[in-house]
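Report on the following structure.
The analysis underlying the following values was restricted to heavy atoms, covering all of them including side chains, and did not include hydrogens, waters or symmetry mates. Note on naming: letters A, B, ... go to the chains in the order of the sequence lines (proteins, then strands), and numbering restarts at 1 for each one.
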Amino acid sequence: MKVSVAGVSTEIEQGSDGFGLFTDKTVVALRVNGELRDLAHKPQDGDVIEAVHISSPDGLNILRHSAAHVLAQAVQNINPEAKLGIGPPVTDGFYYDFDVETPFTPEDLRALEKQMQRIVQSGQRFVRRSTTDEAARQELANEPYKLELIGLKGGDVGDGAAEVGAGELTIYDNIDPASGSTQWKDLCRGPHLPNTRMIGQAFSLTRVAAAYWRGNEKNKQLQRIYGTAWPSKDELKAYQERMAEAAKRDHRKLGQELDLFSFPEEIGSGLAVFHPKGGVMRKVMEDYSRQRHEESGYEFVYSPHITKSNLFEASGHLQWYADGMFPPMRLDEEIDEDGVVRKQGQDYYLKPMNCPFHILIFKSQSRSYRDLPLRLFEFGSVYRYEKSGTLHGLTRVRGMTQDDAHLFVTPDTMESELTNVLNFVLGLLRDYGLDDFYLELSTKEDGNPKFVGDDSIWQTATATLEKVALQSGLELVPDPGGAAFYGPKISVQARDAIGRTWQMSTIQLDFNLPQRFDLEYTAPDGTRQRPIMIHRALFGSVERFFGVLTEHYAGHFPPWLAPVQVVGVPVANEFGDYLDEIAAKLRKRGVRSTVDHSDDRMQKKILNHTKAKVPFMLIAGGQDRDSNAVSFRFRDGSQENGVPVEKAIERILEAIESKTQV
RNA sequence: GCCCUGAUAGCUCAGUGGUAGAGCACUUCCAUGGUAAGGAAGGGGUCGCGAGUUCAAUCCUCGCUCGGGGCUCCA
């Protein structure tokens, strides 16, 4: 019979399988007419067959999914009472969920790895077997979670798609090659590696966690074991090094080491204080942002941190997001001895958003189309009662400062204004050193009642956002159903120095608040029209942006952001005065510069300031003083001696002003 | 919020049912030095907080606070 193999029409014998087609040992599965199949699959006449290599995305998934099966077998070998959840591949690895009496410990992981190695070495074959719902139910009577999946087959199975697909129900048997006996089995749609030996040695169990069955917090929590698996030990090692690199950059660790910020227990969870070094960085970030906003036609406003409840009733926040707000302070209430309210009190809330305040500023006078676009900007501190388990360093906090702006625009300026905003946002992010972006367009989900506003205005707005996004030339990823209830949005995703993506800025259109607050302006023809609101935050929050930049730069901030830009290191004490003069000159030009007068030896000082990641060290001894020069020491450890003082100052100023990294 | 896990000096961490230790940091003194740790002495801890068990708790039990890993959530 004729099939197409890797694009070449080939004659094969009836009943032959993938093992005959591909002798290359890196081929671990087939793609037949677009569907992934085991190597043992027997193609039919006319099939279009592609090889799946272990290093391809599909191949890696198959490897990792197979490793997940071996993990599950290992768990049930050690604890036959463990009930199986699901075990899919994920980015860089896999997990498997188990319902067990006692949660796993890190020591259990080591024992499980050993058990897995034994299974891998025994070279059990993964053998696919079709079954019926009824037969599977009998076979898996002791696996309540699998039974539930059988009932869901083809429906909404979520991550369980690895277990049951839309097609026939299948079970994979792990068969011992020597005895031919079945060692273990699992409900699974496959495909798998031909045998466990092909998993190799490049796997590791990484952590234990809890996870709700089928991702629903109303369901029971299962114990999840995460692992990682790679085609070779080198790749495993590279992965582990990537993890170590990410850990080194962790902004929580660097924040401690570089004395930038902390989260004092006395203040409360998710509430940061910035120390002098973090404080000066934050000031520089904010100052530059203010300057750029000023240049771009934004007007600066201020609003209080608390407000009476009416405001958030009007905005709808109390209705939708009361759970995420700090509870109210009830003021002025008077209660008599019988507990009867004599005087009605008033609830005040900490603000979770700035928009209603800016809206009130818009409403403070009657507005003409000539006032628009009105661009109101504020570093507004907001407070959100984030669930305790979601807090994370500076990237998820309960008190934060948004670089928040609200633009009130007419329908015919909406497009140009959105274009300006997007360009402004991207330009400013580039100045802070992020330059690898893609955009995400979050749109309405048809038929979902949570979205407010006319379909027609959604369509116009979505089309406008899309047009503006495409004009940017950046990659645009759709996010259907991801819109806020009040309008569609573009979010800017930035990739950092080690390739991780962070959601940064958002630009959101809002049809809801102008209506709720009954906003109007007078059009040229004298009629009253409703403006459209654009919400946008560029940093998101200053705290979060600070954390992201810390990780992006791994604490090696470019000179314009570095808390200490220059440190003078005298070769001996007697040269301290000479460096003081230079440092004073630098400070006069706005450079954050000090001289290390401690009685450490010069080598020790260099070590200290290297660890503090100071961009420039200026070293001076007799030779330098005699020639009115200094010796530069750069971050990479390189050295340039005898640089005339004036020239050194110019070089430092140039590096700061150009915002370049050194 | 839920599951697991942790909290000992400013930091990183060791340790014990009989109230504690190291390195770094800090203070003082010596040393005056040319590119990643010079030497000595000294100060510093209600062992996160509160209850309980015990003759005795930093150690065991429970609750709380704060942190870490996940899940869920993220206007």
Side-chain angles (χ1 to χ4, degrees), chain A residues 95 97 100 102-106 108 159 206-226 247 250 252-253 256-257 259 262-271 312 315-325 351-356 382 384-393 395-398 402 450 482-487 489 503 506 508 510 512-513 535 537 540-541 544 569-576 598-611 617 619-624 631-634 637-642:
Chain A
Y95 67 80
D97 289 341
V100 284
T102 44
F104 300 102
T105 64
D108 292 337
D159 285 339
T206 49
R207 53 180 173 252
V208 290
Y212 297 106
W213 167 238
R214 300 184 58 225
N216 186 330
E217 69 181 313
K218 296 201 168 50
N219 288 343
K220 181 165 186 178
Q221 279 198 331
L222 306 182
Q223 292 300 310
R224 176 171 296 181
I225 297 178
Y226 280 96
D250 191 317
R252 296 165 300 181
K253 180 171 172 285
Q256 167 79 261
E257 286 171 7
D259 193 20
S262 60
F263 289 89
E265 186 184 333
E266 294 84 341
I267 299 178
S269 219
L271 299 166
F312 289 118
S315 70
H317 286 105
L318 270 173
Q319 179 196 336
W320 295 85
Y321 300 110
D323 284 353
M325 291 169 66
K351 64 171 169 180
M353 298 288 279
N354 302 302
C355 354
V382 299
R384 297 178 180 183
Y385 193 75
E386 303 285 2
K387 288 196 219 168
S388 58
T390 64
L391 300 170
H392 182 89
T395 56
R396 192 80 182 268
V397 291
R398 284 182 172 162
Q402 295 181 314
K450 91 167 189 180
F485 72 88
Y486 51 74
K489 68 176 179 192
Q503 171 163 332
T506 57
Q508 312 191 351
D510 186 347
N512 180 49
L513 288 178
H535 305 242
S541 79
R544 181 180 149 84
V569 176
V571 168
N573 282 358
E574 68 166 299
F575 308 111
S598 71
D599 52 8
D600 287 324
R601 299 185 68 208
M602 160 190 184
Q603 286 86 337
K604 181 64 177 294
K605 292 179 184 182
I606 288 172
L607 170 66
N608 286 153
H609 301 120
T610 303
K611 283 201 297 202
M617 277 183 242
I619 297 169
Q623 295 154 31
D624 301 287
S631 298
F632 259 104
R633 191 180 201 279
F634 301 98
S638 68
Q639 176 85 9
E640 199 172 319
N641 294 337

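Note on A/Ser388: a side-chain N or O is less than 4.0 Å away from OP1 or OP2 of B/rG1. Contact annotation: A/Arg207 side-chain N/O to B/rG69 OP1/OP2 distance is not under 4.0 Å. In this model, the phosphate group of B/rG68 is not approached by any side-chain N or O of A/Arg396 to a distance below 4.0 Å at OP1 or OP2.
Note on A/Phe263: nothing from the nucleic acid sits closer than 4.0 angstrom, heavy atoms only. Residue-level contact check: A/Thr390 touches the bases, meaning some heavy atom is under 4.0 Å from a base atom. At the heavy-atom level, A/His392 lies under 4.0 Å from the strands shown only through sugar-phosphate atoms. Backbone-only contact: A/Tyr486 has heavy atoms under 4.0 Å from sugar-phosphate atoms and none from a base. Among the atoms of the strands shown, base atoms are found under 4.0 Å from some heavy atom of A/Pro352. At the heavy-atom level, A/Arg384 lies under 4.0 Å from base atoms of the strands shown. Counting any heavy atom pair closer than 4.0 Å across all strands shown, A/Gly270 reaches sugar-phosphate atoms only and no base atom. As judged by a 4.0 angstrom heavy-atom cut-off over every strand, A/Gly324 is placed among the base-contacting residues.
With B/rC71, B/rA75, B/rG67 as the choices, the nucleotide that has an atom nearest any side-chain atom of A/Met353 turns out to be B/rA75. Considering only the side chain of A/Ala484, B/rA75 comes nearest among B/rA75, B/rG1, B/rC3. Of the candidate nucleotides B/rA75, B/rC73, B/rG70, B/rG70 has the atom lying nearest to any side-chain atom of A/Ala209.
Shown here for A/Gln223 and A/Pro103, the closest heavy-atom pair between the two residues is OE1-CB, 3.5 Å.
At least one side-chain heavy atom of A/Pro570 sits less than 4.5 Å from a side-chain heavy atom of A/Lys605. By the 4.5 Å heavy-atom criterion applied to side chains, A/Gln508 and A/Tyr486 are counted as neighbours.
In this structure, the CD atom of A/Glu266 is 13 Å from the C1' atom of B/rG67, given to the nearest Å. If you measure from atom NZ of A/Lys387 to atom P of B/rU72, you get 10 Å, rounded to the nearest angstrom. Remark: P of B/rC3 and CD of A/Gln221 are 6 Å apart, rounded to the nearest angstrom. What separates CD of A/Gln256 from C1' of B/rG67 is a distance of 12 Å, to the nearest Å. Here B/rU65 presents its P atom at 10 Å from CZ of A/Arg398, a figure rounded to the nearest Å. The distance between atom OH of A/Tyr226 and atom P of B/rC4, rounded to the nearest whole Å, is 16 Å. Atom pair A/Tyr95:OH and B/rG70:P shows a separation of 14 Å (rounding to whole Å applied). Straight-line distance from the NZ atom of A/Lys605 to the C1' atom of B/rA31: 13 Å, rounded to whole Å.
B/rG44 and B/rU28 are spaced 16 Å apart, taking the P atom of each and rounding to whole Å. When the P atom is used for both B/rG45 and B/rU5, the distance is 33 Å, rounded to whole Å. Nucleotides B/rG39 and B/rA51 have their C1' atoms positioned 50 Å apart, rounded to a whole Å. Taking atom P in both B/rC24 and B/rG63, one finds a spacing of 41 Å when rounded to whole Å.
Taking NZ from A/Lys220 and CG from A/Asp97, the interatomic distance works out to 12.5 Å, rounded to the nearest 0.5 Å. Taking CG from A/Asn608 and CE from A/Met617, the interatomic distance works out to 9.0 Å, rounded to the nearest 0.5 Å.
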Inset, instruction - Summarise protein proximity over nucleotides 32-42 of chain B in one line of letters, 5' to 3': B for base, S for sugar-phosphate only, - for none, counting protein heavy atoms closer than 4.0 Å. - result: BBBBBBB----

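Ring geometry, A/His317 versus A/Phe312: the interplanar angle exceeds 60°, so the pair is classed perpendicular (tilted spans 30 to 60°).
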Inset, instruction - Might you work through the side-chain contact (heavy atoms from CB on, under 4.5 Å) test for A/Met602 and A/Ile606, ending with a clear yes or no? - result: CA-CA 6 Å; A/Met602 160 190 184; A/Ile606 288 172; 4.0 Å; yes

Inset, instruction - Output, in order, the C-alpha distance, side-chain angles, deciding distance and verdict of side-chain contact (heavy atoms from CB on, under 4.5 Å) for A/Phe263 and A/Arg252. - result: CA-CA 10 Å; A/Phe263 289 89; A/Arg252 296 165 300 181; 5.7 Å; no

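A donor-acceptor contact closer than 3.5 angstrom links the side chains of A/Asn641 and A/Gln639.
Nearest-nucleotide assignment on RNA chain B puts the 5′-proximal partner with A/Tyr385, out of A/Glu217 and A/Tyr385.
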